[in-house]
Amino acid sequence: MGENLVIVESPAKAKTIGKFLGNDYIVKSSFGHIRDLAKKNLGIDIENGFKPKYVVSPDKKKIVTELKSLAKEASIVWLASDEDREGEAIAWHLFDTLKLDPAKTRRIVFHEITKDAILNAIKNPRDIDINLVNAQQARRVLDRLVGFELSPVLWRKIKPKLSAGRVQSAALKLIVDKERDILKFKSKPYYKVDGYFIPEGTKTKVKSSLDKKFNTKEEAQNFLEKCQNSIFNIAGIDTKEATKYPAPPFTTSSLQQEAARKCGFSVSQTMSIAQKLYEEGRITYMRTDSTNLSKLALGTTKEYITNTFGPEYSKTRQYQTHSKGAQEAHEAIRPTFVNVEEIEGNGAEKRLYDLIRKRTIASQMAEAKVEKTKITIGGSSFSEKFHAQAEQIIFDGFLKVYIESNDDDNNEDDETTLLPILSDKQKMIGSEISATEKYTLHPARYTEASLVKKMEELGIGRPSTYAPTISTIIKREYVTKASKMGEPRDVSILKLSFDNGIANPSIEEKTKRETVGSEKGKLCPEDIGMAVSDYLSDHFDYIVDYNFTANVEESFDKIAAGKLVWNSSISDFYTPFHKKIEGALEDTNHVDTSRVLGVDPKTGKQVLARIGKFGPLVQLGLPDDKEKQFASLPKGVLIETITLDDALELFKLPRNLGQFEDKDVIVNNGRFGPYVRHNNKFVSIGKDNDPFTIDLPTAIQLILDYREKEIKKHIKEFPEEGIEILNGRYGPYIKQAKKNYKIPKGKVAEDLTLDECLEIISQPKESVTKRKKKSKK
DNA sequence: CAGTGAGCGAGCTTCCGCTTGACTT
């Protein structure tokens with residue numbers, strides 16, 4: 001048996017390192033942190049210098065006992081967690097929890113998983129850096145204090161089960177602030193002019209756009225009229241050589257962005273695919289903020305490029321990490337074996353691997369050389385200029401492998417065309433000039449990936465938390481991932497055509513219906529998210545401030561350098577913070593989320609929109625009014641954006657459609673969507689019908705369909721015991737007294753006897769409680 | 001898988017960062 005015990009954080013890492021180290025070493029993993037603050041009473045003894053109360057996490061008990069017994073037998077225990085704040089703390093927690101003997105314990109670190117790096121680390125052990133550990137304790141305690149004192153304020157002021165925290169509240173604020181910018185934004189029409197010309201002596205049509213945009217149709221018309229009597233010629237040719245550089249290899253954040261743009265993966269999808277690739281030994285670790293590549297990787301990549309494309313395509317580079325607060329404990333994300341072109345696996349895994357591999361290769365390739373040509377076309381009767389651009393690749397370099405994409409999908413002005421060889425002053429023959437009405441677009445909402453990019457820039461959150469943070473704010477219903485329909489607009493197009501270079505005497509005008517400003521899969525705030533963010537901004541502005549993290553990081557750095565005592569630093573923060581919390585709790589009033597929309601002309605009552613117990617609603621009548629009417633807001637409409645007319649429309653429900661079988665047929669909006677009620681039966685009307693327009697015959701048909709389905713639903717029943725066997729969404733099940741029971745595998749629903757049903761019912765419902773417990777953690 | 005409403009009880013909810021599983025009701 002091995003005499004040495006090496007403990008790392010990840011099991012996949014343990015496996016690789018185990019191979020390098022051989023039989024004298026047992027390599028085990030701690031699966032990340034093994035202890036955390038107790039959940040009860042904050043887990044912090046505030047009076048006693050913020051002393052943390054640590055408990056072994058329930059899911060880590062097993063691994064801790066295993067490590068304990070292995071450590072007892074080992075002659076040396078090597079703590080090999082990452083070389084950053086969290087990693088140092090993991091080493092210290094292990095040391096403390098496993099009760100290791102200092103004389104037999106070594107702390108080692110390495111940034112890359114190569115044999116050399118690990119052997120070198122073993123030759124150079126050090127002690128646990130307690131200052132760095134204290135910086136982590138400060139980080140942990142601060143986050144707990146902020147989260148567990150701020151959240152209860154929200155429970156009392158807005159709604160139970162809400163949450164606030166240093167990271168999630170800053171992320172939410174980014175989304176809410178963006179929405180406010182959009183609400184403030186006024187879309188303005190303008191006219192963009194495109195000119196198509198044929199250089200004299202050629203047959204190529206050159207597309208160009210005018211350097212001036214017109215605000216009105218008259219101005220655009222005016223310009224086109226000037227073009228009718230104009231001679232066009234080239235007013236300038238500007239040729240420049242430009243260099244394009246490859247992007248650095250992937251970090252977590254940049255991988256999430258590119259995978260979203262190029263493969264359409266969500267942030268969490270990308271991470272779970274990457275996790276799989278990592279476990280299979282295809283790529284290096286996927287949660288990293290570093291763009292660094294190991295010497296080994298640099299060497300093999302260079303060799304690969306030289307052999308595949310030739311030496312002129314190779315250029316070894318090491319990139320600087322620019323992101324705020326980067327800790328660089330790992331390498332960049334790269335393929336473990338760069339010459340493996342394709343891997344086994346499903347389509348998504350193959351695509352992500354390919355992306356990572358090409359990005360890594362490109363990062364080590366020569367820059368591309370391009371020749372950029374800009375031509376300017378002028379007219380004899382106007383001073384504005386048309387511009388066209390072309391780009392010619394002189395040396396492709398890294399472009400052979402990889403082209404980075406960007407977020408601006410509607411940046412038309414940058415488009416380039418192929419240009420024929422031209423000379424200055426050359427005559428250009430008019431072919432078509434058109435002025436198209438466009439609308440200025442509101443700022444773009446965040447996608448998951450662009451939010452991550454912004455968070456990284458601001459230093460908010462870590463590679464391991466980007467995806468979970470987004471899940472949290474979606475789970476709290478602060479934001480949703482939604483697609484926004486654009487607004488339909490009538491767009492005018494003015495067109496001047498030419499016949500053999502001679503302008504038509506008339507300018508043609510057309511109107512086209514277009515949707516302006518539609519967005520897909522964007523993060524949109526909900527009313528509750530806006531209320532929470534506004535409340536926090538009003539009362540705890542410095543916590544949700546984008547610079548809060550950056551500021552506390554500065555303190556953490558000082559603690560790590562031994563220049564600041566961690567608990568006195570926390571105390572400086574806590575004293576004023578806690579005072580504010582107490583102040584906020586003293587005022588027991590709920591946050592007022594209501595907005596008065598106006599007065600209902602029919603009843604003279606006030607109409608307001610607010611957040612109710614079950615979500616946002618509109619209300620006809622003030623709280624004091626005896627008779628009130630409620631309606632919940634439709635999806636995608638905010639309290640801030642709903643109008644009086646929209647609200648009045650909503651109050652038209654419930655509608656009585658008439659009688660069927662001597663009973664009223666009533667249509668209304670329910671918790672689970674619109675429904676028709678008849679004889680105390682509720683029938684969902686589905687997506688194809690609109691509750692505001694549905695008529696009696698359609699409703700009756702829905703009721704009849706429902707009855708037929710009900711009959712099919714009943715497989716068998718034992719009325720004496722009140723037992724029914726029904727056909728449900730997940731197959732047949734047993735129902736008694738409003739409770740449902742699963743039919744065990746291997747039994748046929750139709751053949752069940754009464755005794756068998758009773759037996760199934762008497763058995764404890766294990767699976768349900770088990771599942772609930774698990775999803776809670 | 002059930003269900004179509006808007007002031008009661010008691011006790012609970014919640015943070016950020018490390019890591020990887022495990023249910024298909």
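Chain letters run A, B, ... following the sequence lines, proteins first, then strands; residues in each count from 1. Values below: all heavy atoms of this structure, side chains included; hydrogens, waters and symmetry mates excluded.
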Mutual orientation of the aromatic rings belonging to A/F50 and A/Y574 [parallel < 30°, tilted 30-60°, perpendicular > 60°]: perpendicular
Minimum-distance nucleotide (side-chain atoms of A/D36 versus B/dC16, B/dG21, B/dT19): B/dC16
Beyond-backbone contact of A/I642 with A/L650, side-chain heavy atoms, under 4.5 angstrom: yes
Touch class at under 4.0 angstrom, heavy-atom based, for A/R140 against every strand present: base
Nearest listed nucleotide, side chain of A/E279, among B/dA6, B/dT20, B/dG17: B/dT20
Touch class at under 4.0 angstrom, heavy-atom based, for A/A89 against every strand present: nothing
OP1 or OP2 of B/dC15 under 4.0 Å from side-chain N/O of A/Q168: yes
Identified salt bridge (Lys or Arg N to Asp or Glu O under 4.0 Å) partner of A/E66 from the options A/K60, A/K28, A/K61: A/K28
A/E112 versus A/Y285, side-chain donor and acceptor atoms under 3.5 Å: no
Shortest side-chain distance from A/S632, nucleotide among B/dG5, B/dC16, B/dT20: B/dG5
Partners meeting side-chain hydrogen bond (donor to acceptor under 3.5 Å, both in side chains) with A/K635 (sequence neighbours left out): none
Short side-chain donor-acceptor distance under 3.5 Å, A/E86 and A/Q136: yes
B/dG3 versus B/dC23 - spacing of their C1' atoms, nearest Å: 25 Å
Nucleotide nearest A/P152 when distance is taken to its side chain, options B/dC16, B/dT14, B/dT4: B/dT14
Side-chain N,O (A/S464) to OP1/OP2 (B/dC18) below 4.0 Å: yes
Sugar-phosphate only, base, or nothing, as touched by A/G165 at under 4.0 Å among non-hydrogen atoms: sugar-phosphate
Derivation of the salt bridge (charged side-chain N to carboxylate O under 4.0 Å, His left out) call for A/R107 and A/E83: CA-CA 10 Å; A/R107 168 79 171 116; A/E83 192 190 22; over 6 Å; no
Between B/dC16 (P) and A/F556 (CZ): distance, integer Å: 13 Å
Given DNA chain B, 5'-ward residue of the pair A/Y278 and A/L150, judged by closest heavy atom: A/L150
d(CZ, A/R85; C1', B/dC18) in whole Å: 12 Å
Below 4.0 Å: OP1/OP2 of B/dG17 and any side-chain N or O of A/R166: yes
Between B/dG17 (C1') and A/I90 (CD1): distance, integer Å: 8 Å
Side chain of A/F148 - closest among B/dC18, B/dA6, B/dT14: B/dT14
Spacing of A/L94 atom CG relative to B/dC18 atom C1', expressed in whole Å: 11 Å
Under 3.5 Å, which N/O atoms of the protein pair with N/O atoms of nucleotides 8-13 of chain B?
unit_1: B/dT13; atom_1: O2; unit_2: A/K161; atom_2: N; d: 2.5

Value in whole Å for how far the P atom of B/dT14 lies from CD1 of A/I158: 16 Å
Proximal nucleotide (of B/dT4, B/dA6, B/dT20) relative to the A/Y675 side chain: B/dT4
Distance test, side-chain N/O of A/S151 to OP1/OP2 of B/dC15, below 4.0 Å: no
Touch class at under 4.0 angstrom, heavy-atom based, for A/S29 against every strand present: nothing
Exercise: do A/T588 and A/R156 side chains pair donor with acceptor under 3.5 Å: no
Closest to the A/V167 side chain, choosing from B/dT19, B/dC16, B/dA6: B/dC16
Separation of atom NE2 in A/H590 from atom C1' in B/dG7, rounded to whole Å: 11 Å
Short side-chain N/O contact from A/Y285 to OP1 or OP2 of B/dT19, under 4.0 Å: yes
Consecutive-pair stems (at least three Watson-Crick or G-U pairs, under 3.5 Å) that include DNA chain B: none
Between C1' of B/dT20 and CE of A/M271, the distance in whole Å: 12 Å
Aromatic plane relationship, A/F540 with A/Y535 - under 30° parallel, 30 to 60° tilted, over 60° perpendicular: tilted
Donor + acceptor pair across side chains of A/D82, A/H330 (<3.5 Å): yes
N or O in side chain of A/R462 less than 4.0 angstrom from B/dC18 OP1/OP2: yes
A/T465 side chain near B/dG17 phosphate (N/O to OP1/OP2, under 4.0 Å): yes
Plane angle bin for A/F577 and A/Y542 - parallel if under 30°, tilted between 30 and 60°, otherwise perpendicular: perpendicular
P spacing across the pair B/dT25 / B/dT4, given as an integer number of angstrom: 25 Å
Any A/R287 side-chain N or O less than 4.0 Å from OP1/OP2 of B/dT19: yes
Cation-pi geometry met for A/R144 and A/F148 (6.0 Å, 45°): yes
Rounded distance in Å - CZ (A/R35) to C1' (B/dC18): 14 Å
